[in-house]
Visitor: 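Submitted below is the structure of interest, expressed as C-alpha cells.
Since this is a predicted model, take the numbers as computed values, not measurements. Throughout, residue positions are numbered sequentially from 1 according to the sequence presented. Values reported hereafter were calculated over all heavy atoms of this structure, with side chains retained and with hydrogens, waters and symmetry mates removed.
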Amino acid sequence: QVRLVESGGGSVQAGGSLRLSCAASAYTYSSYCMGWFRQAPGKEREGVAAIDIPGTTTYSDSVKGRFTISKDNANYSLNLQMSSLKPEDTAMYYCAAGQYDCDSGSWWKGARDIAWGHGTQVTVSS
C-alpha cells in the first residue's frame with residue numbers, strides 16, 4: 001500500500017542543520033522518482049529535491065549546494081540533509097513519490113497522482 005511518513009522536522013537558528021527522513025512502504029519505495037516538496041504559509045507548494053531509482057538527484061535553485069537528498073534502500077527510507085538553513089526555508093516539508101521522470105514538469109508541478117506524506121514542519125529563525 002502507499003505509505004510515506006516524514007520525521008525530523010523542528011526549529012533551528014539560521015545557519016543550522018536538520019535532517020528529514022521519510023519512511024516508505026516497499027510498494028511506494030519502488031516509485032521511479034521520490035523527493036521533497038515544501039509549502040510555506042500563503043505560498044504555493046514548491047519542489048525542493050528529487051532522486052530517481054538510478055540515484056540521479058535534482059535540486060531547486062533555492063536549495064542547491066545546501067541540501068542533499070539520499071535514499072537508504074535497506075530501510076526503504078528517503079532522507080534530506082539540510083545545511084546552512086535560512087529563514088526562507090521555513091515551511092511544511094512533504095515527502096512524495098511517483099512514476100515520473102524526476103526532471104519532468106509533471107513531477108515538479110506536483111502531479112495529481114503523486115503520493116504524499118502528511119508533512120513535517122521546519123522553522124528557521126533569524
Visitor: Just wondering, do W116 and R45 contact through their side chains at under 4.5 Å, heavy atoms?
Guide: yes
Visitor: Can you tell me how far CD1 of I114 sits from NZ of K109, rounded to the nearest 0.5 angstrom?
Guide: 12.0 Å
Visitor: Should V48 and Y94 be counted in the same cluster of Ile, Leu, Val, Met, Phe, Trp and Tyr side chains packed under 4.5 Å apart?
Guide: no
Visitor: Looking at L80, D89, V122, which one forms a side chain to side chain contact (heavy atoms under 4.5 Å, CB included) with L18?
Guide: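 Filter result, single survivor: V122.
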Visitor: Taking atom types as modelled, find out whether S60 and S62 have a side-chain donor-acceptor pair closer than 3.5 angstrom.
Guide: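 Result is yes, a qualifying pair exists.
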Visitor: Please confirm whether the backbone N or O of A97 pairs with a side-chain atom of S31, one donor and one acceptor, at under 3.5 Å?
Guide: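 Answer holds: no.
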Visitor: Could you tell me whether a side-chain N or O of D101 sits under 3.5 Å from a main-chain N or O of D103, the two making a donor and an acceptor?
Guide: yes
Visitor: Would you say that R38 contacts V63 through its side chain, given a criterion of any heavy-atom pair below 4.5 Å between the two side chains?
Guide: yes
Visitor: So, the side chain of Q39 versus the backbone of M92: is there a donor-acceptor pair under 3.5 Å, distance only?
Guide: no
Visitor: Evaluate the side-chain proximity of W36 to E6: yes if any heavy-atom separation is below 4.5 Å, no if none is.
Guide: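 In contact.
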Visitor: Do the side chains of V124 and F67 join up, straight or via other hydrophobic residues, at under 4.5 Å, putting them in one cluster?
Guide: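 V124 and F67: one cluster.
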Visitor: Any donor-acceptor pair under 3.5 Å linking the side-chain atoms of S25 with those of T28?
Guide: yes
Visitor: Looking at CZ of R3 and SG of C22, how far apart are the two atoms once the value is rounded to the nearest 0.5 Å?
Guide: 8.5 Å
Visitor: I'd like to know if the side chain of W108 reaches the main chain of C102, judged simply by a donor and an acceptor atom lying under 3.5 Å from each other, with no hydrogens or angles considered.
Guide: yes
Visitor: Should S77 and N79 count as side-chain neighbours, where that means a heavy-atom distance under 4.5 Å?
Guide: yes
Visitor: Any link between L4 and L20 through a network of hydrophobic side chains (Ile, Leu, Val, Met, Phe, Trp, Tyr) touching at under 4.5 Å?
Guide: yes
Visitor: Can you find a heavy atom in the side chain of Q81 that is under 4.5 Å from one in the side chain of S17?
Guide: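 Result yes, sub-4.5 Å side-chain heavy-atom pair found.
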Visitor: Check the pair Y100 / D52 against side chain to side chain donor-acceptor pair (under 3.5 Å), numbers first and verdict last.
Guide: CA-CA 9 Å; Y100 287 95; D52 62 18; over 6 Å; no
Visitor: Please find the pair of heavy atoms, one from Q99 and one from S30, that lie closest to each other, and give the distance.
Guide: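 Of all heavy-atom pairs spanning Q99 and S30, the closest is NE2-O, 4.0 Å.
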Visitor: So do the side chains of V12 and T123 get within less than 4.5 Å of each other, counting heavy atoms only?
Guide: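 No; the side chains remain at least 4.5 Å from each other.
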Visitor: If you compare all heavy atoms of S126 against all heavy atoms of P87, which two are closest, and at what distance to 0.1 Å?
Guide: CB-CG, 3.9 Å
Visitor: In terms of ring plane angle, is the pair Y29 and Y76 parallel, tilted or perpendicular, where the classes change at 30° and 60°?
Guide: tilted
Visitor: Going hydrophobic residue to hydrophobic residue with side-chain gaps under 4.5 angstrom, can you get from L78 over to F37?
Guide: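 No, it is not one cluster - the side chains of L78 and F37 are not joined through contacts under 4.5 Å.
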Visitor: Hey, any chance I69 and W107 share a hydrophobic cluster, counting ILVMFWY side chains that come within less than 4.5 Å of each other, even indirectly?
Guide: no
Visitor: Kindly indicate whether the side chain of M82, heavy atoms from C-beta on, has any atom under 4.5 Å from the side chain of R66.
Guide: no
